Protein chains: 2
Amino acid sequence: MTRPGKGAAKRDRLVAAARTTIYQQGVEKTTLADIAAAADVPVGNVYYYFKTKDELVAAVLDSYRASYGLISAELDREPTPDGRLKAFTRFWIERREQLTAHGCPVGSLSSELDKRDDDELRPQAGTVLRLLIDWSEEQFRALGRPDARELAVALIAAYEGVVLLANTLRDPGLITTEARRVERWIGTLAR
Amino acid sequence: MTRPGKGAAKRDRLVAAARTTIYQQGVEKTTLADIAAAADVPVGNVYYYFKTKDELVAAVLDSYRASYGLISAELDREPTPDGRLKAFTRFWIERREQLTAHGCPVGSLSSELDKRDDDELRPQAGTVLRLLIDWSEEQFRALGRPDARELAVALIAAYEGVVLLANTLRDPGLITTEARRVERWIGTLAR
DNA sequence: GTCTATAGACCGATAGAC
DNA sequence: GTCTATCGGTCTATAGAC
């Protein structure tokens with residue numbers, strides 16, 4: 001949701017800095033000073049672009065929604081539905097080091113946002129995860145599976161779960177092994 | 001790690017209060033005042049039992065380790081390994097409302113502790129998750145599976161993953177559906 | 001051992017100069 | 001539009017009376 005005009009560059013820099021910093025440190029432990037420093041912007045100036053810290057977090061969630069668009073477009077270049085699903089498991093393996101170091105960006109943020117009182121932010125986190133589930137469901141449905149939704153939830157759950165385990169146990173090998181296991185599983189559904 | 005003597009009751013009350021409060025609000029958002037109030041203990045008195053807040057969090061992780069012992073003992077009452085694994089999936093369904101409301105106690109805490117700088121606490125969170133994986137591995141091995149470790153990681157990942165999805169999307173039905181799917185999967189491994 | 005009061009540090013947000 | 005200086009509030013941790 002980048003606005004046009006001069007301020008856009010600085011605003012984008014703030015969102016990018018917030019995204020990285022929050023991914024690595026969590027929302028609660030990340031201060032506006034951290035973000036401003038990473039974006040090379042004076043602290044007080046942040047409030048010209050965002051009324052509150054939460055509004056900046058909302059912009060980060062927006063940027064994750066945009067990232068989902070890029071990733072799904074990349075996966076959709078595979079010609080078959082099972083090829084697209086398998087490309088998704090290869091994606092885990094490619095990113096395994098970062099996922100092991102800091103977890104899933106959307107998953108860990110969703111988990112943290114849940115701990116807040118009311119929050120209008122958690123439903124927004126849900127939207128991003130739902131996009132991923134919906135995309136998977138489409139692929140399973142194209143494979144002719146009537147239980148496509150259930151399988152889609154299982155796939156994304158396997159992803160989020162194994163990333164949490166790899167992250168906590170600091171073992172990227174868990175992601176590789178599970179990705180290959182899920183890839184074989186997709187293969188059995190495709191015939 | 002309960003010590004004997006008079007102070008034990010108050011200490012236990014503090015750990016129990018910390019466990020609940022941290023589960024619902026997260027570590028970072030939970031203040032010592034919150035915990036002390038929930039335990040009905042004056043704030044400053046907390047420091048008689050715990051030198052720092054982190055030491056209290058460590059005691060909570062210890063209490064999760066103890067809970068694991070109770071749960072695995074309960075599951076081990078089933079006569080067959082596949083029966084024990086299936087009992088575990090029934091456990092998800094029984095607790096689905098709480099899991100949907102606040103996530104997995106150990107999973108969400110592990111995820112949050114990862115975001116801290118150095119932390120000697122994250123390895124302790126890993127210990128609890130590892131106990132669960134080890135227990136599952138034993139059951140798969142008793143079923144004669146040479147890939148028992150891999151299946152154990154897949155099982156715990158499915159659990160942690162679907163709880164994260166159910167929590168973020170506020171949909172306990174996801175847990176029920178996935179638990180039944182995993183239960184059928186265990187059935188196919190048992191023959 | 002128990003509790004109160006407060007020190008000391010930090011953070012989100014604002015006021016206002018330029 | 002940009003930046004500095006700072007206020008008000010909150011939190012962990014400690015000092016010290018009882």
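Atom set for the values below is all heavy atoms of this structure, side chains included, hydrogens, waters and symmetry mates excluded. Because the structure is predicted, anything quoted here is derived from the model rather than measured. Just so we're on the same page: letters track the sequence lines, and every chain starts at 1.
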Using whole Å, report how far NZ of B/K53 lies from P of D/dT12.
5 Å

Using a heavy-atom distance cut-off of less than 4.0 Å, which residues of residues 30-46 of chain B contact DNA chain C?
B/P42, B/G44, B/N45

Rounding to an integer number of Å, can you tell me how far A/Q25 CD sits from C/dC10 P?
15 Å

Give the rounded distance in Å between these two atoms: CD of A/E55 and P of C/dG12.
15 Å

Counting only side-chain heavy atoms from C-beta out, which of D/dT2, C/dG1, C/dT14 sits nearest to A/Y48?
D/dT2

N or O in side chain of B/K29 less than 4.0 angstrom from D/dT10 OP1/OP2
no

Closest approach to the side chain of B/K10, judged atom by atom: which nucleotide of C/dT2, D/dA13, D/dC3 is it?
C/dT2

Tell me whether the rings of A/F88 and A/F91 are parallel (<30°), tilted (30 to 60°) or perpendicular (>60°).
parallel

Kindly write out the residues that satisfy salt bridge (Lys or Arg N to Asp or Glu O under 4.0 Å) with B/D76, not counting sequence neighbours, or none if the list is empty.
none

Is any NZ, NE, NH1 or NH2 atom of the basic residue among A/E183 and A/K86 found under 4.0 Å from an Asp or Glu carboxylate oxygen of the other?
no

Rounding to a whole Å, what distance do you find between A/R11:CZ and D/dG1:C1'?
16 Å

Identify whether the distance between the nearest side-chain nitrogen and carboxylate oxygen of B/R170 and A/D114 falls below 4.0 Å.
yes

Would you tell me if any nitrogen or oxygen in the side chain of A/Y49 comes within less than 4.0 Å of OP1 or OP2 on D/dT2?
yes

A/R84 side chain to A/L75 main-chain N or O, any donor-acceptor pair under 3.5 Å?
no

When the distance from CZ of B/F50 to P of C/dT2 is rounded to whole Å, what number comes out?
13 Å

Can you measure A/Y47 atom OH to D/dC7 atom P for me and round it to whole angstrom units?
17 Å

Taking B/D171 first and then A/R130, would you say they form a salt bridge - that is, a charged N and a carboxylate O separated by under 4.0 Å?
no

